[in-house]
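This report concerns only the one structure given below.
The chains referred to below are lettered A, B, ... by the order of the sequence lines, with proteins before strands, and numbering in each begins at 1.
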Amino acid sequence: MLDKTSTAPEAERLLGWYDRHHRDLPWRVSPPMRARGVKADPYHVWLSEVMLQQTTVAAVKPYFAKFLALWPGVNDLATARSEDVMAAWAGLGYYARARNLKKCAEAVAAEHGGRFPATEAGLKALPGIGDYTAAAVAAIAFDEPAAVMDGNVERVISRLYAISDPLPGSKPAMKAKVAALTPQERPGDFAQAMMDLGATICTPKRPACALCPFREDCRALAVGDPEHYPVKAAKKAKPVRRAAAFVAVSPQRRMLLQRRPDKGLLGGMTQVPVTDFTSRRDGATSPDAAPFPAGWQPRGTVVHIFTHFELRVDVYRAGVAERAVEDGWWEPLDNLAAQALPSVMKKIIETAIVSTPDPTQGHAQ
DNA sequence: GAGTCGTGGCG
DNA sequence: TCGCCAAGACT
């Protein structure tokens with residue numbers, strides 16, 4: 001049984017490796033700075049962790065900088081306009097994160113005096129903060145020895161102990177292993193070290209085991225094939241869904257836009273009029289589904305891959321006189337960049353405005 | 001527990 | 001080219 005006050009030798013090796021090979025990231029306080037007493041800003045840690053959920057470091061960096069410039073503190077974000085937050089998040093994906101980010105900032109400002117709770121349990125009670133983010137913020141910003149488990153840690157742990165039971169079923173057992181390894185001293189650096197190791201050494205493909213601080217400990221390496229881990233349950237095939245999109249442009253150079261409902265796919269984001277994405281009918285779409293009759297011209301098909309389905313959108317364009325619409329508004333083309341347009345909508349607009357229809361592509365199969 | 005929920009980069 | 005997946009949360 002491990003003494004709670006001592007640090008496991010594996011953790012010592014990992015922290016030593018982290019001191020030499022840690023990544024410098026905009027939201028991170030490096031080990032030398034921490035040694036001088038510099039604390040991580042809980043707002044920075046929380047903001048980066050939410051952005052990093054299922055998202056790469058490279059994708060997050062510019063968004064993190066933009067958010068800090070627009071809203072330097074959690075109270076600024078709490079009083080921001082929701083539309084501005086959604087527009088700033090546009091392109092980063094998983095838009096429920098942005099809605100919950102705003103809710104969380106409001107809760108911190110209103111219910112916690114503008115300071116994040118310093119415990120894992122207190123953090124987890126906030127919107128958009130689950131098991132991982134609560135543990136990460138608690139460990140990194142508040143030095144709480146919380147067991148941080150993300151995809152990187154799952155990969156490292158599954159290899160270190162050669163866990164052959166498939167995820168997600170094996171997750172509780174893995175978390176117990178992490179908890180046993182997490183040191184009382186420097187728990188935040190330990191968590192970040194595990195993730196850096198997973199991102200740079202213990203990678204999904206071709207891990208650099210010769211450079212790994214766990215190379216003498218790793219059961220999977222001893223057996224011979226670390227790349228085989230972690231074992232995951234088989235995944236289902238993506239269904240294909242079809243839709244039609246209608247890009248209406250007026251002589252005043254304005255485009256008809258709408259706001260999607262707050263819940264569900266692309267919730268709260270901006271769109272051009274589209275048929276729903278749930279229709280699974282095969283074959284061609286038609287301009288009959290447009291919000292109003294006009295000279296709708298086919299402009300091509302946009303294919304966009306979501307997490308659990310593939311969407312093929314036939315794009316139609318028409319020049320139309322501006323008219324009153326039940327839901328929606330006419331937005332100047334020069335101001336489209338400031339809208340909360342998800343990537344699939346930018347593709348659709350691009351296809352409608354710029355590209356030439358390709359006779360070999362298109363609607364019907 | 002199994003579905004839902006984006007996007008872009010990479011081997 | 002295309003499947004895989006990257007610091008998950010919520011229902």
message: Using a 4.0 Å heavy-atom cut-off, does A/G267 contact any base of the nucleic acid, only the sugar-phosphate backbone, or nothing at all?
response: nothing
task: May I ask you to verify if any side-chain N or O of A/Q54 is less than 4.0 angstrom from the OP1 or OP2 atom of C/dA6?
output: no
- request: Compare side-chain N and O positions of A/Y94 against OP1 and OP2 of C/dC10 and report whether any pair is under 4.0 Å apart.
  value: no
query: Could you walk me through whether A/H308 and A/F306 pass the ring-ring contact (aromatic ring centres under 6.0 Å, His included) check?
result: CA-CA 6 Å; A/H308 53 294; A/F306 289 95; 7.5 Å; no
- request: Look only at the side chain of A/D76 and the backbone of A/G73, and say whether a donor-acceptor pair between them is shorter than 3.5 Å.
  value: yes
Side-chain hydrophobic cluster, 4.5 Å single linkage: members besides A/V29: A/M33, A/V38
- request: Round to a whole Å and report the spacing from CG of A/L92 to P of B/dT7.
  value: 10 Å
- prompt: Which part of the nucleic acid does A/G91 contact within heavy-atom distance under 4.0 Å: base, sugar-phosphate only, or nothing?
  reply: sugar-phosphate
- request: Remember a base hit wins even if backbone is also touched, and classify A/R99 as base, sugar-phosphate or nothing at under 4.0 Å, heavy atoms.
  value: nothing
query: Please give, in whole Å, the distance from C/dA6 C1' to A/M195 CE?
result: 12 Å
task: Using a 4.0 Å heavy-atom cut-off across all strands, classify A/K235 as base, sugar-phosphate, or nothing.
output: sugar-phosphate
- prompt: C/dC4 C1' sits how many Å from A/F306 CZ, rounded?
  reply: 18 Å
task: Could you measure between the two P atoms, the one in C/dA9 and the one in B/dG8, and give it in whole Å?
output: 22 Å
query: Which part of the nucleic acid, if any, lies within contact of A/I305, taking any heavy atom under 4.0 Å across all strands shown: a base, the sugar-phosphate backbone alone, or nothing?
result: base
- prompt: How is A/W46 classified with respect to the nucleic acid when contacts are heavy atoms under 4.0 Å: base, sugar-phosphate, or nothing?
  reply: nothing
- prompt: For the pair made of CZ in A/F309 and C1' in B/dG6, what is the distance, rounded to whole Å?
  reply: 10 Å
field: B/dG3 OP1/OP2 closer than 4.0 Å to side-chain N/O of A/K236
entry: yes
- prompt: Between A/H304 and B/dG6, does any side-chain N or O lie under 4.0 Å from OP1 or OP2?
  reply: no
query: How would you label the contact of A/P168 with the nucleic acid (heavy atoms, under 4.0 Å): base, sugar-phosphate, or nothing?
result: nothing
Heavy-atom donor-acceptor pair, A/T56 side-chain to B/dG8 base, under 3.5 Å: no
message: Counting only side-chain heavy atoms from C-beta out, which of C/dG8, B/dG8, B/dC5 sits nearest to A/S343?
response: B/dG8
statement: The residue, A/K263 or A/R97, whose nearest nucleotide of DNA chain C is more 5′ is A/R97
Separation of C/dA9 C1' from A/K124 NZ (nearest whole Å): 9 Å
- prompt: When the distance from CE of A/M149 to P of C/dA6 is rounded to whole Å, what number comes out?
  reply: 14 Å
task: Looking at every strand, decide which applies to A/V153 at a 4.0 Å heavy-atom threshold: base, sugar-phosphate, or nothing.
output: nothing
- prompt: Has the side chain of A/T55 got a donor or acceptor atom sitting under 3.5 Å from an opposite partner on the base of B/dG6?
  reply: yes
Out of C/dC10, C/dC5, C/dG8, whichever nucleotide has its closest atom nearest the side chain of A/K232: C/dC5
field: B/dC5 OP1/OP2 closer than 4.0 Å to side-chain N/O of A/H308
entry: yes
task: Assign the ring pair A/F246 / A/Y316 to parallel, tilted or perpendicular, where the plane angle (0 to 90°) is split at 30° and 60°.
output: parallel
query: For A/R260 and B/dG6, what is the distance between atoms CZ and P respectively, to the nearest whole Å?
result: 9 Å
- prompt: Is A/I140 touching bases, backbone alone, or none of the nucleic acid, heavy atoms closer than 4.0 Å?
  reply: nothing
field: A/L311 CG - B/dG6 C1' separation (whole Å)
entry: 12 Å
task: Looking at every strand, decide which applies to A/K238 at a 4.0 Å heavy-atom threshold: base, sugar-phosphate, or nothing.
output: nothing
query: Ignoring hydrogens and geometry, is there a side-chain-to-backbone donor-acceptor pair from A/R219 to A/R159 under 3.5 Å?
result: no
Aromatic centroids of A/F64 and A/W27 separated by under 6.0 Å: yes
- prompt: Roughly how far apart are A/R241 CZ and A/D276 CG, rounded to 0.5 Å?
  reply: 9.0 Å
task: Find which nucleotide of DNA chain B each of A/R206 and A/A59 is nearest to by heavy atoms, and output the residue with the more 5' nucleotide.
output: A/A59
field: Side-chain N or O of A/T133 closer than 4.0 Å to phosphate OP1/OP2 of C/dA9
entry: yes
